[in-house]
**Student:** 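First, the structure itself, so that you have it in front of you.
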Amino acid sequence: MTVKHVFDFNEFPVLETERLKLRDMLPSDVTALLRHFGNPEVVSFIDSQPIKTIDQANEWLRWMGGFFAAKDGLRWGIVLKDDGEFIGSAGLHNWNREANYAEIGVDIAPPYWRQGYATEALKTLVQFGWEKMGLNRIEADIVKGNMASMRVLEKVGFKQEGVLRQRLRKGGKYYDVYQYGLLRSDHIARQA
Ligand SMILES: CC(C)(COP(=O)(O)OP(=O)(O)OC[C@H]1O[C@@H](n2cnc3c(N)ncnc32)[C@H](O)[C@@H]1OP(=O)(O)O)[C@@H](O)C(=O)NCCC(=O)NCCS
């Protein structure tokens, strides 16, 4: 796979899948962001508490927009193509241009779980990573017990590579974190 132009952050890229549109998150999304990241089920496996106010939703919006501004990652809002409903977010972050890797992450609102949306979104992000960012490796850290995330990553072809013992501290407790990785060569082999 040859990369013709490495993504240059001139314009936020809109991606489309069969059922989803992945686009930049906008100030008009803050109410949806509050509902989404205010849901304890959405943040239960990350190093964060549910947000409670519009101010906090605005902070998250600025934080997620900051990846693009700093040119070291992108966080897309995920909306349904049919009706424009905001159902989650996904991103490629911490782009390391020396070693050509980045981290991937996704969250979907609980009413939309188990309908294949996360898998659909991640497949598109992975493709974007190879084709537009010229990545050689994509990785993810998943807290022990987050079976849904592990399954999604495995469906997309990621391999579990190791465990970082007690890597996450949340609510005064330590949790083991599993490291997952997908190489460009794994991806090509899967397609062959
Ligand atoms: C992880 C998450 C994004 C999965 O979203 P989703 O849209 O429901 O995932 P999909 O529908 O694409 O499911 C993919 C696979 O995972 C399986 N799966 C989904 N939820 C599961 C669960 N709770 N336990 C076990 N497997 C699960 C599905 O059955 C499917 O596998 P299958 O095709 O073999 O049946 C969603 O649960 C979520 O947002 N969780 C909270 C946020 C989070 O933890 N994000 C990850 C942090 S990096």
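Ligands are counted one by one from 1 in listed order, and the atoms in each one are counted from 1 as well.
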**Student:** In this structure, which one of V177, V143, D176 forms a side chain to side chain contact (heavy atoms under 4.5 Å, CB included) with R167?
**Tutor:**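 Among the candidates, only V177 passes.
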
**Student:** Do L183 and V152 share a hydrophobic cluster, counting only Ile, Leu, Val, Met, Phe, Trp and Tyr and linking them when any side-chain heavy atoms are less than 4.5 Å apart?
**Tutor:**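 No, L183 and V152 fall in different hydrophobic clusters.
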
**Student:** Pairs under 3.5 angstrom, nitrogen or oxygen on both sides, ligand 1 versus protein: list them out, please.
**Tutor:**
unit_1, atom_1, unit_2, atom_2, d
ligand 1, 7 (O), A118, N, 3.1
ligand 1, 8 (O), R114, N, 2.7
ligand 1, 11 (O), Q115, N, 3.2
ligand 1, 11 (O), G116, N, 2.7
ligand 1, 12 (O), T119, N, 3.0
ligand 1, 12 (O), T119, OG1, 2.5
ligand 1, 24 (N), R114, NH2, 3.3
ligand 1, 29 (O), R114, NH1, 3.3
ligand 1, 31 (O), R151, NE, 3.4
ligand 1, 33 (O), K155, NZ, 2.7
ligand 1, 34 (O), R151, NE, 3.0
ligand 1, 34 (O), R151, NH2, 2.9
ligand 1, 39 (O), I108, N, 2.8
ligand 1, 39 (O), I108, O, 3.2
ligand 1, 44 (O), N146, ND2, 2.9
ligand 1, 45 (N), V106, O, 2.9

**Student:** Mind checking who shares a hydrophobic cluster with L26, ILVMFWY linked at side-chain heavy-atom distances under 4.5 Å?
**Tutor:** none

**Student:** Taking ring pair (Phe, Tyr, Trp, His ring centres under 6.0 Å) as the definition, give me every residue that meets it alongside Y180, ordered by chain and number, with sequence neighbours left out.
**Tutor:** none

**Student:** Can you list everything that forms a ring pair (Phe, Tyr, Trp, His ring centres under 6.0 Å) with F68? Sequence neighbours excluded, please.
**Tutor:**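 For F68, the residues satisfying ring pair (Phe, Tyr, Trp, His ring centres under 6.0 Å) (neighbours in sequence not counted) are F9, F12.
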
**Student:** One thing to verify: whether E120 and K155 come together as a salt bridge, which I'm taking to mean a side-chain N less than 4.0 angstrom from a carboxylate O.
**Tutor:** no

